[in-house]
Amino acid sequence: MALLIRNGEIVTVGSRVQADIYVENETITGIGKDPETPPNTEVIDASGKLVFPGFIDPHVHIYLPFMATFAKDTHETGSIAALIGGTTTYIEMCCPNRNDDAFEGYQLWKSKAEGKSACDYAFHMSVTKFVKETESQLRQIVADGTASFKIFLAYKNFFGVDDGEMYQTLELAKRLGVIVTAHCENAELVARLQQKLVAEGKTGPEWHEPSRPESVEAEGTGRFATFLENTGATGYVVHLSCEQALRAALGAKARGVKINVESVLPHFLLDKSYAERPGVEGMKHVMSPPLRAKHNQTALWNALAGGSIDTVGTDHCPFDTEQKLLGKDSFVNIPNGIPGIEDRVNLLYTHGVQRGRLDLDRFVDAASTRAAKLFGLYPRKGTIAVGSDADLVVYDTNYRGVVSAKSHHVNNDYSGFEGMLIEGRPSVVTVRGKVQVRDGKFVGERGRGKMLKREPSHFCL
Ligand SMILES: [Zn+2]
């Protein structure tokens, strides 16, 4: 099957060019003007539109047992929502907890995705303890194509690792050339502050943020950086939310620590007043790290524009209203998370590019290319080039719409971004040469997505 995308403006990092893209089977085989097209070529007219490489969400949760319940999406629903929003690859956190066997967990997470996802996917393997068999299991998992790890400094006794386990994980990752992603909050301080606030009768969702203040995240970020510095491993801070933590990360980077930074959509657009809304409305906006004081958003946008925040993910993690109400008597029991997989690209385009905070180059880098490079997917993903997978997003910058749970495809009864305007959306989305989305509708093949095998790429002296 051949596909021709004609007359679009192709946007990649460092380049904007008006040209046609020719695709055979799953791969881009030509870029130019009026290429020869055999009969039976499907032609898409992209006149007046931008053509981006398929977007990559480097941080999602699809299958997730957490806080006595399960996140709502499956790979069927999550991948369709992702594709409608222009995301053609996501990297899911594989999160067995401390009581689970890591390798069994890895197989379980893989089995939930296989044959189900409509877009391509990969995993970050969580290391939630470091015991006798951990090294050999992780070696097997890396050999299977999962070349990134995740550690949690938060969530004591569940996902969280102690400093010794963090050291062992980083030391192994360094030898294997594997990048380590980290949730950076001080678990002990979170546990103590939660206890203190609850004992004072401060149990509403508005107390979630004070139980994990900015300094707690900055400490975790700084400690992770110090461990990277002393092991020589390469790291990636997930969902960095505030200026204090940003300073800790960038200070380390300035002294040569190999640390990369992700922030996630909610922290650019929402502030802590959302979680201070009464009752379940506040609970819907409880995530960790929490939504912050508004001034942090300026710091995040500036760092993103300048490239010191590398990527924008979502930490997509949908719990519905009923599940959020598990925390009605105490914020400690509110399942953490907010959906975002469908909205990331459009809201980042709207509030970044359309509002003049982000140039197109940085937009495509932060939402696609940089993640592909960091996580061993480049140039197969993250760019438009001959030989790359034909994951393409024909983007209509004239579209105007509104984010709403009434029309979204995520399996959740609310949207954290309800009512926000979007100025632009994908009109065509392809995954390896096949049209999966047209104008907000899934028109493709379910289960088409493949697990992307990745080679370790973070070797250094
Ligand atoms: Zn997460």
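As the structure lists them, so they are numbered: ligands from 1, and atoms in each ligand from 1. Counting from 1, the numbers follow the sequence of the chain as shown.
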Answer yes if the side chains of Y106 and T146 hold a donor-acceptor pair under 3.5 Å, and no otherwise.
->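 Distance-only check passes for Y106 and T146.
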Between H124 and S148, does any side-chain donor sit less than 3.5 Å from a side-chain acceptor?
->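 The criterion, which ignores hydrogens and geometry beyond distance, is satisfied for S148 and H124.
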H239 backbone or side-chain N/O/S under 2.8 Å from the Zn ion (ligand 1) |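 Checking the Zn ion (ligand 1) against H239, no N, O or S atom falls under 2.8 Å.
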The Zn ion (ligand 1) to C317: any N/O/S contact under 2.8 Å?
->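 So C317 does not bind the Zn ion (ligand 1) by this criterion.
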Angle at the Zn ion (ligand 1) between NE2 of H61 and NE2 of H59, to 10°?
->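 Between NE2 of H61 and NE2 of H59, at the Zn ion (ligand 1), the angle is about 110°.
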Atom nearest to the Zn ion (ligand 1) - D315, N, O or S atoms considered =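 Minimum-distance N/O/S atom of D315 relative to the Zn ion (ligand 1) is OD1.
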Test of ring centre spacing under 6.0 Å for F224 and Y236 |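 F224 vs Y236: aromatic centres not under 6.0 Å.
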In terms of the angle between their ring planes, are Y63 and W109 parallel, tilted or perpendicular, with boundaries placed at 30° and 60°?
->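 Taking W109 first and then Y63, their aromatic rings stand perpendicular (interplane angle over 60°).
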